[in-house]
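To keep things clear, I will list the structure first and then write my remarks on it.
Because the structure is a prediction, the values reported are computed rather than measured.
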Amino acid sequence: MEGLVMAAQLLLGLSILVGLHELGHLVAAKMFGMRVEKYSIGFPPKIWGKQFGETEYSIGMIPLGGFVKISGMIDESLDTKTLSSEPEPWEFRAKPAWQRLIVMLGGIIVNVITGVVIFILLVYSNGESYLSKEELNKHGIVAYDLGEQLGLQTGDRIVNVNGQDYEKYSDLRSPDVLLGTDGFYTVDRNGERITVPIPNNFIDKFADKNVAFFEPRLPFKVGQVLEESNAAKGGLQAGDRFVAVEGKSLSYFDQFKSALDTLAGKTIQTQVERDGQRLALTFDVTDEGTIGFAPQRDEDRLAYSHRDFSFGEATVNGTEQAFNVVFYNIKAFGKMFSGDVSPSKSLSGPIGIAQFFGGTWDWSNFWRITGLLSMVLAFMNLLPIPALDGGHVMFLTWEIVTGRKPSDKFLENAQKVGMVLLLGLMSYAIFNDVYKLF
């Protein structure tokens with residue numbers, strides 16, 4: 001079921017973004033009097049189509065893109081049969097270079113606007129919930145294997161990052177930090193200030209493990225108690241707080257989990273706090289080091305902050321978030337070219353993107369990922385690769401600057417090269433997705 005939810009979110013998100021992208025080209029072309037023959041969401045074979053005026057609107061069976069067919073334009077269809085005759089007034093090739101440039105930028109502009117609008121509305125409607133630096137450092141962090149390899153330890157309190165103060169926990173793991181160069185954390189460890197360097201290739205290890213390297217140290221209480229579990233048999237109830245295991249006091253879930261790992265398969269004596277009273281409870285620990293309950297964050301001892309934004313504030317904040325997606329992609333490309341990041345760990349195809357949406361349908365998360373993908377789509381389409389919008393933009397910019405238009409034969413061959421590159425990249429991304437699955 002989770003796979004179906006992922007697939008449905010991917011198809012809906014891509015359909016929205018591709019439809020709007022191609023609509024940007026269509027509107028710009030019609031605005032300058034160009035004839036648009038076809039508008040399609042998805043690639044052939046066609047599963048639905050309807051003719052309105054000069055344009056056929058259709059939906060293709062392969063939902064990994066879309067296209068508009070503009071008369072007199074050399075595009076991915078490589079339809080050049082009309083190019084030997086004199087250009088008609090409604091053809092793409094008959095229009096001034098600046099108009100053709102706007103048409104090719106139309107899809108990118110619409111995707112940028114879409115991404116910005118989505119982020120603004122999300123910020124305005126949801127506000128921001130966050131764990132402040134002060135609240136985080138009341139309890140410190142839990143360092144997992146990757147964090148320990150970095151040099152962090154459970155209980156560390158992070159004083160600053162890259163020598164700069166920070167406001168909230170998410171600042172410590174932002175792309176700015178993970179994609180940076182010569183970064184470092186300064187931590188307070190038992191009263192001593194220690195510098196923990198962040199290797200320039202750390203994002204590669206992070207992507208490889210696909211797990212958190214540290215998280216806030218959680219004061220916890222008992223959430224759901226599983227029926228017929230050892231926890232239920234021992235009398236544990238939702239809302240209980242463990243205060244000791246085998247006579248050793250504890251406050252955090254990592255301490256509790258560590259204690260159970262060392263006592264797997266044994267019977268343990270514990271103390272829990274319930275309604276202000278302490279109770280002694282006995283549990284059998286499974287061989288896996290569990291007793292059968294879900295931990296829950298203790299909001300009374302770990303307080304998250306929340307702030308709402310006016311529409312003006314949301315406009316500034318949402319726009320910044322949207323364009324940060326582009327800046328982070330540029331940084332990631334730089335890391336790949338420098339060798340600090342492996343493309344196989346960073347590039348994702350449709351399977352990876354579907355997993356990014358997640359297996360549960362949450363509209364806020366759906367629109368956040370869709371907004372992110374809209375900005376990524378705009379960035380990728382602006383790359384100067386023939387067959388992408390950026391390739392057309394590159395050749396049109398050359399024409400505007402030099403006054404010389406590349407020949408139709410050159411543009412046709414450039415499209416062929418671009419298509420080979422794109423098909424190769426898409427094949428690599430899909431293969432990479434499948435490889436990572438297994």
Side-chain angles (χ1 to χ4, degrees), residues 115 119 122-123 128-133 135-137 140-154 156-189 194-218 317-318 320-349 352-353 355-358 365 368-369 371-376 379-380 429 432-433 436:
F119 276 103
L122 284 174
V123 171
E128 180 186 26
S129 293
Y130 62 96
L131 188 67
S132 68
K133 172 185 176 180
E135 197 66 24
L136 172 68
N137 284 336
I141 65 167
V142 176
Y144 299 115
D145 288 345
L146 192 57
E148 290 177 347
Q149 293 175 29
L150 190 67
L152 296 170
Q153 292 184 13
T154 294
D156 283 350
R157 288 165 169 78
I158 301 182
V159 178
N160 61 53
V161 56
N162 297 336
Q164 303 294 318
D165 199 12
Y166 64 97
E167 180 185 2
K168 51 189 183 292
Y169 163 62
S170 59
D171 295 338
L172 300 175
R173 303 195 306 173
S174 72
D176 257 340
V177 174
L178 300 182
L179 289 169
T181 301
D182 299 326
F184 61 93
Y185 295 116
T186 303
V187 305
D188 183 316
R189 184 176 298 162
I194 295 173
T195 299
V196 179
I198 306 172
N200 292 341
N201 66 345
F202 182 69
I203 189 69
D204 207 32
K205 297 179 181 179
F206 184 61
D208 187 34
K209 297 288 185 181
N210 198 28
V211 294
F213 60 103
F214 74 86
E215 288 184 341
R217 202 173 195 190
L218 290 181
N317 188 285
E320 181 182 358
Q321 287 189 39
F323 279 99
N324 276 342
V325 174
V326 177
F327 300 145
Y328 295 149
N329 269 273
I330 294 172
K331 276 191 172 185
F333 267 80
K335 286 276 187 179
M336 280 191 273
F337 284 121
S338 69
D340 288 333
V341 172
S342 167
S344 65
K345 295 174 184 176
S346 301
L347 294 178
S348 292
I353 297 172
Q355 290 175 323
F356 202 35
F357 276 104
N365 183 65
R368 184 179 66 83
I369 302 302
L372 185 150
L373 289 177
S374 192
M375 299 302 295
V376 171
F379 169 72
M380 295 298 291
N432 193 44
D433 279 352
K436 286 191 284 190

Just how far is it from atom [atom1] of [X] to atom [atom2] of [Y], taken to the nearest 0.5 Å?
| X | Y | atom1 | atom2 | value |
| --- | --- | --- | --- | --- |
| K335 | N201 | NZ | CG | 7.5 Å |
| Y185 | N160 | OH | CG | 11.0 Å |
| N365 | F356 | CG | CZ | 8.5 Å |

Is it the case that the side chain of [X] and the backbone of [Y] share a donor-acceptor pair, with hydrogens and angles ignored and the cut-off at 3.5 Å?
| X | Y | result |
| --- | --- | --- |
| N137 | I158 | yes |
| Y328 | L179 | no |
| D171 | E167 | yes |
| D156 | G140 | no |
| D182 | N200 | no |

Completion exercise
K133 meets the salt bridge (charged side-chain N to carboxylate O under 4.0 Å, His left out) criterion, sequence neighbours left out, with D165
Completion exercise
Hits for salt bridge (charged side-chain N to carboxylate O under 4.0 Å, His left out) against D188, two or more places apart or cross-chain, chain-then-number order -> none
Problem - For Y130, all residues meeting ring pair (Phe, Tyr, Trp, His ring centres under 6.0 Å), sequence neighbours excluded - result: none
Practice task
List in chain and number order the residues that pass ring pair (Phe, Tyr, Trp, His ring centres under 6.0 Å) with F119, two or more places apart in sequence or in another chain; answer none if no residue qualifies.
Solution key: none
Any side-chain heavy atom of [X] within less than 4.5 Å of one from [Y]?
| X | Y | result |
| --- | --- | --- |
| F213 | L178 | yes |
| L373 | F357 | yes |
| V142 | F214 | no |
| I141 | L172 | no |
| S170 | L131 | no |

Problem - Residues which pass side chain to side chain contact (heavy atoms under 4.5 Å, CB included) with I330, listed by chain and number, not counting sequence neighbours - result: V326, F379
Fill in the blank from the handout: Sequence neighbours excluded, the answer for side chain to side chain contact (heavy atoms under 4.5 Å, CB included) partners of E148 is A143, D145
Exercise for the section: Would you tell me whether Y169 and E215 have side-chain atoms, one donor and one acceptor, within less than 3.5 Å of each other? Expected result: no
